[in-house]
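For reference, the structure discussed in these notes is given below.
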Number of protein chains: 2
Amino acid sequence: MVTKRQATIADVARRAGVSTATAGRVLGGYGYSSGEKRDLVLKAAEDLGYRPNQLARSLITGRTRTIGFVAGDIQSPFFAKILRGVSDVLEPKGFGLLITNSDETVEGEMESIRLLSEKQVDGVILSPCDVEEAAHLRKLVQTTPMVLIDRQVADLDVDSVGVDSVAAAEACVRRLIAEGHRRIGMVAELQFGPWTDIESFVRMVRTNPDGIGAIYPSWQRFMGYVRAHDACDLPLDLSLIARVNSYSTEDTKATVLRLLGHPDGPSVLFTADGLMTEGTMMAIFERGLRIPDDISLVAFDDLDWMSFIGPGIDSIGQPRRKMGEAAARMLIERIGGFDGPPRREKLPVRDNRRGSVCVLATGRD
Amino acid sequence: MVTKRQATIADVARRAGVSTATAGRVLGGYGYSSGEKRDLVLKAAEDLGYRPNQLARSLITGRTRTIGFVAGDIQSPFFAKILRGVSDVLEPKGFGLLITNSDETVEGEMESIRLLSEKQVDGVILSPCDVEEAAHLRKLVQTTPMVLIDRQVADLDVDSVGVDSVAAAEACVRRLIAEGHRRIGMVAELQFGPWTDIESFVRMVRTNPDGIGAIYPSWQRFMGYVRAHDACDLPLDLSLIARVNSYSTEDTKATVLRLLGHPDGPSVLFTADGLMTEGTMMAIFERGLRIPDDISLVAFDDLDWMSFIGPGIDSIGQPRRKMGEAAARMLIERIGGFDGPPRREKLPVRDNRRGSVCVLATGRD
DNA sequence: ATGAAAGCGCTAACAT
DNA sequence: ATGTTAGCGCTTTCAT
């Protein structure tokens, strides 16, 4: 069963009685070839079961028709759906897709990039795990086209796709306020970034809103939360923020349980992403609370199950598959030589209403 | 910003004042080299920011340290989790992971395999979409190590990983019977395979149980269902089988709705996989039924949300990540030259009890 | 221990 | 239109 040697162009050429160049031209679909020789070559290739060796081709052309994808964690539905979009665009064009996990660590990301560059990928799609420490990305981008997904990096002018998290979160929280909610809890991982304490972040949002460069989606969503409060003159109560320490459901659950234990707790919870939502659901379940009777819930990022559990969970849905498609499309354009200025594509979100938010008051009065 | 040429071994050798052979030996970690030259080369490589070109190396060694994975659909949690296991084993060993979708069509699978072989992957992990029509797989396996996941193929003697679906399903249905259920509905996609009608399949299960070769997991689970009925002397009622026509939640939902509409419907539903479960949940939700008061439910394959919705869904959990790890490990062994007989690894399932099954009677009496 | 030289399988100049 | 000849960047004889 061991490795039967594959036929090469030389084998085909010999059998067809032509030069390797001619065989190559026919098989590779470049240059000229007459119908007669053409048939000979094709026949010979067929007989020998010839399959081109992309490696050899790539070595000389300098293109592998393979792109790399660095995900935080492929098993999360967020990345899995994006990946599907990427692969849908890539496969019809004959591009391969090499995937790696960064596990949201800079070391993992660097390791991934090393692997991908050694394999000579034509381009990279990645969701950077650090929006500031990005020397390795800055270096990569000098030799390889790159598209960022979900997050952006400060001072790194490359194509990116994502959604307008600030606006979406603000709209969502404004709606909660309009529906009568006054104590709105937020569940988010707000660990990294230049702000050690939330207060200074809030101050910055208020004093110098445009001075904030690239920040994590979680922070952006929190920014929207703050803005909505300010716009509606609802005072912020930071004790309503469930600030999760690590990106895990267990930690989220524990943090939310603590928040729910407070005497004057929130009437609604707003979760910053899918994982936060799962942890929050666990906490709500453990406490035996019913949605929306005991507590309301809105989630950033839509998940499959939200539509088929009673009563269904309201969510802000990101077009994950489309994001993947857009990223792949932009990357292929760059690989094809497009050299315009960096594009920051923002895709529209979906506002899914399913009845997980209790209306305490009608807005207009 | 365009493509700054990468330093090659020749560049490093020149700068270090040695031959390309010596530079190669140091950088590639093969052959002999004295400490002195060694340092010179390393220094030069460092200065130039040398990165090896795996392509060139692979062309000559014949190994790419890349493996291919053909999934049905990467965005499904089933494959996403398996993929994670695969990548966990691969990354530390410096292997790349090239993924493709077959979309459960033979054409897609062939296309995937073509792409992967042209990229000269060292091995392939795949979940075959047809357990019979597999000439292309038989051909592939002559040149490339392969590990099958989830499903097996008739007359294809290669390594595989999966679970014992028949036994797991039988145990599950036996339990339902022991708990007093007499009308057990099953939701499964039972379209392909040699059986056009369920009756003849049932006959075969009963008359010649070992004569059944490789069949789809869905059929295996149905086989377990039949066996449990036979073992407990509970007559089969085929009107309780929701036989879904296509692998989609919408179709599943419609089919289950029809089943639930019957006057003498099931007291419990057993779903054959994650997608069937989702469609079933939609139908249950649409009908406004409560679990387990109005209807009980057990699912094959565990999904994230099953643990945090009230009351939680009972499930048979497959060790998806472990399956991926096992597949990757076996594949790497084969690539490393292991030449023993094909191994068919069966991993144990988990029996998750969460209260979605109503106990109608206690078994012992 | 090191270097010279010959490829791996293919494409790209350059002739003809 | 076809063949000849050089490589792509690396590893691997084979000398020395």
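Computed from a predicted structure; not experimentally measured.
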Tell me which nucleotide among [options] gets nearest to the side chain of [X].
X: I9(B); options: dC10(D), dT11(C), dT12(D); answer: dC10(D)
X: I60(B); options: dG9(C), dT2(D), dG7(C); answer: dG7(C)
X: T61(A); options: dC8(C), dT2(D), dT11(C); answer: dT11(C)
X: S34(A); options: dA1(C), dA1(D), dT11(C); answer: dA1(D)
X: T8(A); options: dG9(D), dA12(C), dC10(C); answer: dC10(C)
X: A21(B); options: dG9(D), dT11(C), dG3(C); answer: dG3(C)
X: Y32(B); options: dG9(D), dA1(C), dG3(D); answer: dA1(C)

Assuming nearest nucleotide by heavy-atom distance, tell me which of A56(B) and G17(B) is located more 5' along DNA chain C.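 That would be G17(B).
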Whole angstroms only, please: what is the [atom1]-[atom2] distance between [X] and [N]?
X: R38(A); N: dT2(D); atom1: CZ; atom2: C1'; value: 15 Å
X: N53(B); N: dC8(D); atom1: CG; atom2: P; value: 12 Å
X: Y30(A); N: dA12(C); atom1: OH; atom2: C1'; value: 8 Å
X: R57(A); N: dG7(D); atom1: CZ; atom2: C1'; value: 17 Å
X: R14(B); N: dG3(C); atom1: CZ; atom2: P; value: 14 Å
X: R65(B); N: dC10(D); atom1: CZ; atom2: C1'; value: 16 Å
X: R63(B); N: dT12(D); atom1: CZ; atom2: P; value: 12 Å
X: L59(A); N: dA12(C); atom1: CG; atom2: P; value: 12 Å

Can T66(B) and K119(A) be counted as having a side-chain donor-acceptor contact under 3.5 angstrom?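 Indeed, the side chains of T66(B) and K119(A) share at least one donor-acceptor pair under 3.5 Å.
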SB check R114(A) E118(A) (cutoff 4.0 Å):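 A salt bridge links R114(A) with E118(A).
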If you measure from the Lys or Arg side-chain nitrogens to the Asp or Glu carboxylate oxygens, is any gap between R15(B) and D11(B) under 4.0 Å?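 No, R15(B) and D11(B) are not salt-bridged.
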For the student: nearest non-hydrogen atoms of L347(A) and P319(A), plus distance: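 In terms of heavy atoms, the two residues are closest at CB-CG, 3.7 Å.
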Shortest non-hydrogen contact between L331(B) and M146(B), atoms and distance: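 Taking L331(B) first and M146(B) second, the nearest heavy atoms are CD1-N, 4.0 Å.
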N or O in side chain of S19(A) less than 4.0 angstrom from dG3(D) OP1/OP2: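 Yes, such a contact exists.
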On the nucleotide dC10(D), are OP1 or OP2 found under 4.0 Å from the side-chain N or O atoms that Y50(B) carries?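 Indeed, a polar side-chain atom of Y50(B) lies that close.
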Could you pick out which residue, G35(A) or T20(A), lies toward the 5' side of DNA chain D when each is mapped onto its nearest nucleotide?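 So the residue in question is G35(A).
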Can you find an N or O donor on one side and an acceptor on the other, under 3.5 Å apart, linking the side chain of R25(A) with the base of dG3(D)?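 Answer yes: a donor N or O sits under 3.5 Å from an acceptor.
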